[in-house]
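Right, one structure below, let's go through it.
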2 protein chains.
Amino acid sequence: MARIERMHLEIVRAIHTQGSVTSAADSLHVTQSALSHSIRKLEDNFNLKIWRRDGKQMHLTQGGEHLLSIANRVLPQLERAEAQLQQFAKGERGTLRVGMECHPCYQWLLKVASPFLRSWPNVDLDVNQKFAFGGVEALYNQDIDVLITPDPLKKLKGLVFEPVFDYEQVLVVNDSHPLHNQDHIVPKQLANEVLITYPVPVERLDVFSLFLTPSGILPKQHKLMETTEMMLQMVACGRGVAALPRWLVIEQQDHFPLVPVKLGKHGIKKKLHLGMRKRDIDIDYIASFIELSRLIQI
Amino acid sequence: MARIERMHLEIVRAIHTQGSVTSAADSLHVTQSALSHSIRKLEDNFNLKIWRRDGKQMHLTQGGEHLLSIANRVLPQLERAEAQLQQFAKGERGTLRVGMECHPCYQWLLKVASPFLRSWPNVDLDVNQKFAFGGVEALYNQDIDVLITPDPLKKLKGLVFEPVFDYEQVLVVNDSHPLHNQDHIVPKQLANEVLITYPVPVERLDVFSLFLTPSGILPKQHKLMETTEMMLQMVACGRGVAALPRWLVIEQQDHFPLVPVKLGKHGIKKKLHLGMRKRDIDIDYIASFIELSRLIQI
DNA sequence: GGCATTCATGAGTTTTACTCATAATTAAAA
DNA sequence: TTTTAATTATGAGTAAAACTCATGAATGCC
């Protein structure tokens, strides 16, 4: 059974646009002889005359016209595809799949996203907040390419974690709250507060693991809230306090009457890290993403 | 610059659907080694990893996924095209372009058209009444494949004419016309009539060339009319007489009060011929068209 | 009729693709 | 852990295909 190869389509197109086998051969960078052999074989394969020999001219038969219409439809698709593969090869095209292990990371990612998308017009950005397993597993499983996390797991085979952003985790209170003008607070000052956090295990909440838990003190009440927006609304209305990055609080002070308060004498200092597979660090748009991440000033 | 060949798309698709290089090689009827060499060359050509080697499994990279989506789009187009070319080769597909040199031929063609289209579902029918040159030139120029004509030009190089249908050219008059009950008429009986004909040179009108002109007699008036329908309307209203095939008059007697009258003692006997290029007589649907033409009984 | 142009063909050569044999790697079984 | 079975990778040799060169045949033009 005969197969239509790409070259067949190129030949049909070239002979049609060039008007003769000889000049088509030139345009395809082969000899007239080679092309003549090729068209003979093509016609033999399909047992179908593609061209009519009218004197020294060649004209397409009905079957040939049909093949030409296929060529004009299919060849541009292949040519476009080649250009796109070149872009993949040069790292100019792809999808950067980003995973996040902390809720406020999303606010930070938004800052990186727009300069990134502007410099890589053919690279898409996929954001993933929920993985089937943990962020590291998602990296290993190729579900994501970059993991944004405040808690890097160093020394994992095949992975690297890069610090990109320093921030301080602070308590956020409404501007008429009793704690609003404290330089810093100690754990027992939260004993009578309603503490609002994201709905994740307490081990993953710095305000617990680094502040409350060591002292054995618990807040009066622990409320869970999905979104940062809603959390801030609640705090602004005096319905509780929360722990968030300082830069996020500062930024929201335009919209809400909020005050950041240091947690402990020295504050809770954190670093946002980007994790990725070692083999991916050469991919241009991934390297660029890391670089842009470091440049973001908040 | 690297080219995407059809085989590359087949390889990407086969490895993806079969799940391994080894079984993909089987499905493509080559050895595992050949396929391994091919994929290496493909990746080298584009300088792009298409697959990730995870242990003994191969998984598509982003570029590979993209190539797969191209394969899934392009390959079915090629496969459909191949099937269509097979149909062209077997003479099951094409366009039969029919030209006509006589106006009432069209009424006759309509009778052949429907059984033809029913037996050749993939063959189109193109009808052409006006050619830049004559019908024979249209055959030579490949503008038409079949010429329907009552006046065949035998012995033309590369062409054949086949008689397919006998008919008699008769005078048609309204049923209250003075001539309506004549067995036949002689030329001078038209001397006081209004004769309605198609707008073509009188040499091509049988009623002139075979009846009036030899006797030197002319009708009282010669009116031109484009369509058969309108001609019959005029005759039915007693505004003139016309010359048409007898079968056409008989057929229209349901709708119009018409009577056919023989032209001359022996009538004008004509044959409809189909002309075509000799090289085309083997094309199945053209042979079939001729055969169906002979079967039409009117 | 010569002359230039175009396509076709056969023989020989180059290039490409393929196979065979085997190594290397990996996952699972013993 | 070692064995075993399965998978991909590689190198060398071979088969097939594509191409070139030289030339023939047909056509259209001056």
Side-chain angles (χ1 to χ4, degrees), chain A residues 1-61 64 67 140-142 157-158 279, chain B residues 1-61 64 137 140-142 157-158 277-279:
Chain A
M1 161 64 178
R3 273 168 62 109
I4 299 177
E5 294 297 333
R6 173 177 190 166
M7 185 50 85
H8 298 147
L9 301 180
E10 303 255 19
I11 289 171
V12 171
R13 184 173 68 174
I15 293 180
H16 182 251
T17 57
Q18 301 288 318
S20 81
V21 175
T22 309
S23 65
D26 286 347
S27 79
L28 294 171
H29 306 109
V30 291
T31 61
Q32 173 270 322
S33 173
L35 200 47
S36 185
H37 283 291
S38 295
I39 67 184
R40 168 134 224 252
K41 196 175 164 194
L42 171 59
E43 292 187 325
D44 288 354
N45 279 346
F46 280 98
N47 191 32
L48 172 68
K49 286 269 164 289
I50 306 292
W51 294 271
R52 220 178 324 109
R53 277 70 170 174
D54 296 342
K56 42 167 109 178
Q57 301 232 43
M58 310 259 296
H59 290 116
L60 288 169
T61 60
L67 197 52
Y140 275 125
N141 294 343
Q142 308 271 346
K157 199 184 159 215
R279 58 152 54 121
Chain B
M1 162 59 177
R3 273 167 60 106
I4 299 178
E5 294 297 333
R6 175 179 187 163
M7 185 51 85
H8 298 148
L9 302 180
E10 303 255 21
I11 290 171
V12 171
R13 184 173 67 173
I15 294 180
H16 183 251
T17 57
Q18 301 289 318
S20 82
V21 175
T22 307
S23 65
D26 286 346
S27 79
L28 294 171
H29 306 110
V30 290
T31 60
Q32 173 271 322
S33 172
L35 201 47
S36 186
H37 282 291
S38 295
I39 67 183
R40 170 147 227 256
K41 196 175 164 195
L42 171 60
E43 292 187 328
D44 287 353
N45 279 345
F46 281 98
N47 191 31
L48 172 67
K49 286 267 165 288
I50 306 292
W51 294 271
R52 222 178 323 106
R53 278 71 170 172
D54 296 343
K56 46 166 111 177
Q57 302 230 45
M58 311 260 294
H59 290 116
L60 288 168
T61 61
E137 283 84 349
Y140 276 126
N141 294 344
Q142 307 273 345
K157 199 183 157 212
R277 290 175 296 275
K278 271 199 187 114
R279 58 152 54 122

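We name chains A, B, ... by the order of the sequence lines, and we start the count at 1 in each one. Please read these numbers as outputs of a predicted model, since none were measured by experiment.
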Report summary line: When rounded to the nearest 0.5 Å, the distance separating CG of A/Asp26 from CD of A/Gln18 is 8.0 Å

Requested in this report: Answer whether the closest heavy-atom distance between the side chains of A/Arg6 and B/Glu5 falls below 4.5 Å.
Outcome: yes

Query raised in the report: A/Gln57 near the nucleic acid: base, sugar-phosphate alone, or nothing, with a heavy-atom cut-off under 4.0 Å?
Result: nothing

Query raised in the report: Please give, in whole Å, the distance from D/dT23 P to A/Gln32 CD?
Result: 15 Å

Query raised in the report: B/His59 NE2 to D/dT7 P: how many Å, rounded?
Result: 14 Å

Query - Min side-chain heavy-atom separation B/Gln142-A/His59 under 4.5 Å - result: no

Query - B/Arg3 atom CZ, neighbour heavy-atom count above 12 within 6.0 Å - result: yes

Report summary line: B/Val21 has its side chain closest, among D/dT20, C/dT6, D/dT8, to D/dT8

Report summary line: Its contact letters, B for base, S for sugar-phosphate only and - for none at protein heavy atoms under 4.0 Å, make nucleotides 23-30 of chain C read ---BS---

Requested in this report: To the nearest Å, give me how far apart CZ (B/Arg3) and P (D/dA18) are.
Outcome: 13 Å

Query - Side-chain heavy-atom pair B/Trp51, B/Val12 within 4.5 angstrom cut-off - result: yes

Report task. For DNA chain D, find the residues of residues 34-50 of chain A with a heavy-atom distance under 4.0 Å and give them by number; none if there aren't any. Result -> A/Ala34, A/His37, A/Ser38, A/Lys41

Query raised in the report: Between C/dT16 atom P and A/Glu5 atom CD, what is the distance in whole Å?
Result: 16 Å

Query raised in the report: Would you say a side-chain N or O of A/Arg53 is under 4.0 Å from OP1 or OP2 of C/dT6?
Result: no

**Report entry** Separation between OG1 of A/Thr61 and CG of A/Leu48, rounded to the nearest 0.5 Å
**Finding:** 5.5 Å

Query - Closest-nucleotide ordering on DNA chain D, the 5'-leading residue of A/His29 and B/Ser33 - result: B/Ser33

Report summary line: The reported gap from CG in B/Asp54 to OH in A/Tyr140 (rounded to nearest 0.5 angstrom) is 13.0 Å

Query raised in the report: Across the strands shown, which category fits A/Ser20 at heavy-atom distances under 4.0 angstrom: base, sugar-phosphate, nothing?
Result: sugar-phosphate

**Report entry** Side-chain heavy atoms of B/Ser36 within contact of B/Arg40, under 4.5 Å
**Finding:** no

Query raised in the report: For residues B/Ser20 and B/Ser23, is any side-chain donor paired with an opposing acceptor at under 3.5 Å?
Result: yes

Query raised in the report: Between atom CH2 in B/Trp51 and atom C1' in D/dA9, what is the gap in whole Å?
Result: 14 Å

Report task. Specify the separation, in whole Å, of atom CE of A/Met7 and atom P of D/dA17. Result -> 16 Å

Query - Atom-pair distance (CD on A/Glu10; P on D/dC19), nearest Å - result: 12 Å

Report task. Can you tell me the distance, in whole Å, between the CD1 atom of B/Ile15 and the P atom of D/dT7? Result -> 13 Å

